[in-house]
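Just below is one structure, and these are the notes that go with it.
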Amino acid sequence: MRKKIVAGNWKMNMSLQDGIELANEVNESLLNDAPSCEVVICTPFIHLASVAGIIDTNVLKLGAENCADKAKGAYTGEVSAEMVKSTGAEYVILGHSERRAYYAETPEILKEKVNLALANGLKVIFCIGEVLEERESGKQNEVVEAQLSGSLFDLTAEQFANVVLAYEPVWAIGTGKTATAEQAEEMHAFIRKTIAEKFGKDVAEATTILYGGSCKPSNAKELFAKPDVDGGLIGGASLKAEDFKGIVDAWKA
Ligand code: 13P
């Protein structure tokens, strides 16, 4: 059975103090009521070491939201995969549409990041997804396939086992406009088929594919009920412990 995951992406929110408080709240709520899935919070770099020190990794894992495309050296302001790993983080989000759109991250750059993250023992949450215009012109499958092949298809099946995919239609991110469960399932099934063609059926069946984009406690259960939706990557609703826990609880019977 493949892993079910609910991961939070805090994006550029929370002072260090507020972030520690939120991590504490999430951790406590999961200790009081054990989750039925893996739960991850991905925080800004500056929170990582502090949050690593307070969470119980039996119930809550930690991840970063990005890492550099270079291993080390004179790259002022960058944070390497090795540095992320040294904080105690287990995951790193790569390829988020905000990084692609606002920081010009290309499939080639992302390929370097993925390679460095995996080489440093991090698991990658790799984001893919089309913009509204691409969906309206029926190009979503083509776009997602190119994002997958452009950054991940030189990996071995063994390396790919440490990659979690997150389908995040850009038109659904932060807009309150969630993809319908049917739209999510249709794309997730396509992604799994594409992975099967490249890495084989067993690898595809074992790959966790998350949905992201205006996922909330009120719609998580319906989305997660779909056979190819293995959990969520949560933005806005991960900033409130209660809402985030509500989404985690969507995996409970
Ligand atoms: P929202 O949940 O705020 O729509 O963000 C989704 C997202 O981008 C997670 O990475």
Side-chain angles (χ1 to χ4, degrees), residues 5-31 35 38-105 109-110 112-127 162-164 166 168 173-174 210 212 215 232-245 247-248:
I5 301 176
V6 171
N9 173 9
W10 289 4
K11 306 192 179 182
M12 196 173 74
N13 293 294
M14 299 277 152
S15 67
L16 178 59
Q17 292 74 20
D18 290 348
I20 289 172
E21 197 177 314
L22 175 59
N24 251 322
E25 269 182 71
V26 172
N27 190 57
E28 282 303 308
S29 74
L30 297 172
L31 284 175
E38 182 157 305
V39 185
V40 186
I41 47 176
C42 298
T43 78
F45 294 129
I46 63 139
H47 298 71
L48 291 173
S50 306
V51 170
I54 59 174
I55 59 174
D56 182 334
T57 52
N58 291 308
V59 292
L60 184 57
K61 319 275 190 200
L62 180 62
E65 299 173 14
N66 183 26
C67 71
D69 61 340
K70 303 286 192 302
K72 67 188 303 184
Y75 300 102
T76 303
E78 287 295 296
V79 175
S80 71
E82 185 183 14
M83 293 172 185
V84 168
K85 179 71 178 178
S86 74
T87 64
E90 287 179 48
Y91 282 91
V92 61
I93 296 173
L94 293 174
H96 194 282
S97 59
E98 288 150 18
R99 303 276 337 157
R100 293 178 193 261
Y102 308 144
Y103 301 94
E105 294 194 355
I109 292 172
L110 291 169
E112 297 301 321
K113 293 189 177 202
V114 168
N115 289 341
L116 284 162
L118 294 175
N120 282 283
L122 291 166
K123 291 177 202 147
V124 172
I125 300 174
F126 192 78
C127 303
N162 288 309
V163 176
V164 169
E168 300 204 304
I173 296 177
L210 309 180
C215 188
L233 181 57
I234 319 301
S238 74
L239 299 174
K240 276 201 191 139
E242 197 186 329
D243 289 349
F244 190 55
K245 177 67 164 50
I247 297 172
V248 169

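Source: prediction; values computed, not measured. Quick note: numbers below take in every heavy atom, side chains included, and nothing from hydrogens, waters or symmetry partners.
Of the inter-residue distances, the one linking Leu30 atom CG with Asn58 atom CG reads 11.5 Å to the nearest 0.5 angstrom. Summarising the geometry, atom CD1 belonging to Ile234 is positioned 11.0 Å from atom SG belonging to Cys42; distances are rounded to the nearest 0.5 Å.
Annotation: salt bridge (Lys or Arg N to Asp or Glu O under 4.0 Å) contacts involving residues 40-67, sequence neighbours excluded, are absent. For residues 76-98, the side-chain hydrogen bond (donor to acceptor under 3.5 Å, both in side chains) pairs, not counting sequence neighbours, are Lys11-Glu98, Glu38-Tyr91, His96-Glu168. Residue pairs meeting the ring pair (Phe, Tyr, Trp, His ring centres under 6.0 Å) criterion with at least one partner in residues 52-84, sequence neighbours excluded, do not occur; the list is empty. Evaluation of the side-chain hydrogen bond (donor to acceptor under 3.5 Å, both in side chains) test over residues 115-127, restricted to residues two or more places apart or in two chains, returns none.
With sequence neighbours left out, the side chain to side chain contact (heavy atoms under 4.5 Å, CB included) criterion links Ala241 to Leu22, Glu25, Val26. For Ile109, the side chain to side chain contact (heavy atoms under 4.5 Å, CB included) partners at least two apart in sequence or on another chain are Asp69, Thr106, Lys113. The side chain to side chain contact (heavy atoms under 4.5 Å, CB included) search around Leu16 returns Ile20, Ile46, His47, Ser50, not counting sequence neighbours. Scanning for side-chain hydrogen bond (donor to acceptor under 3.5 Å, both in side chains) contacts around Arg99 gives Glu105, with sequence neighbours left out.
Between Leu31 and Glu28, the closest side-chain pair of non-hydrogen atoms falls below 4.5 Å. You'll find the side chain of Cys67 stays beyond 4.5 Å of the side chain of Leu116, heavy atoms only.
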Would Asn66 and Leu94 count as a side-chain contact (heavy atoms from CB on, under 4.5 Å) here? Give the steps. CA-CA 6 Å; Asn66 183 26; Leu94 293 174; 4.1 Å; yes
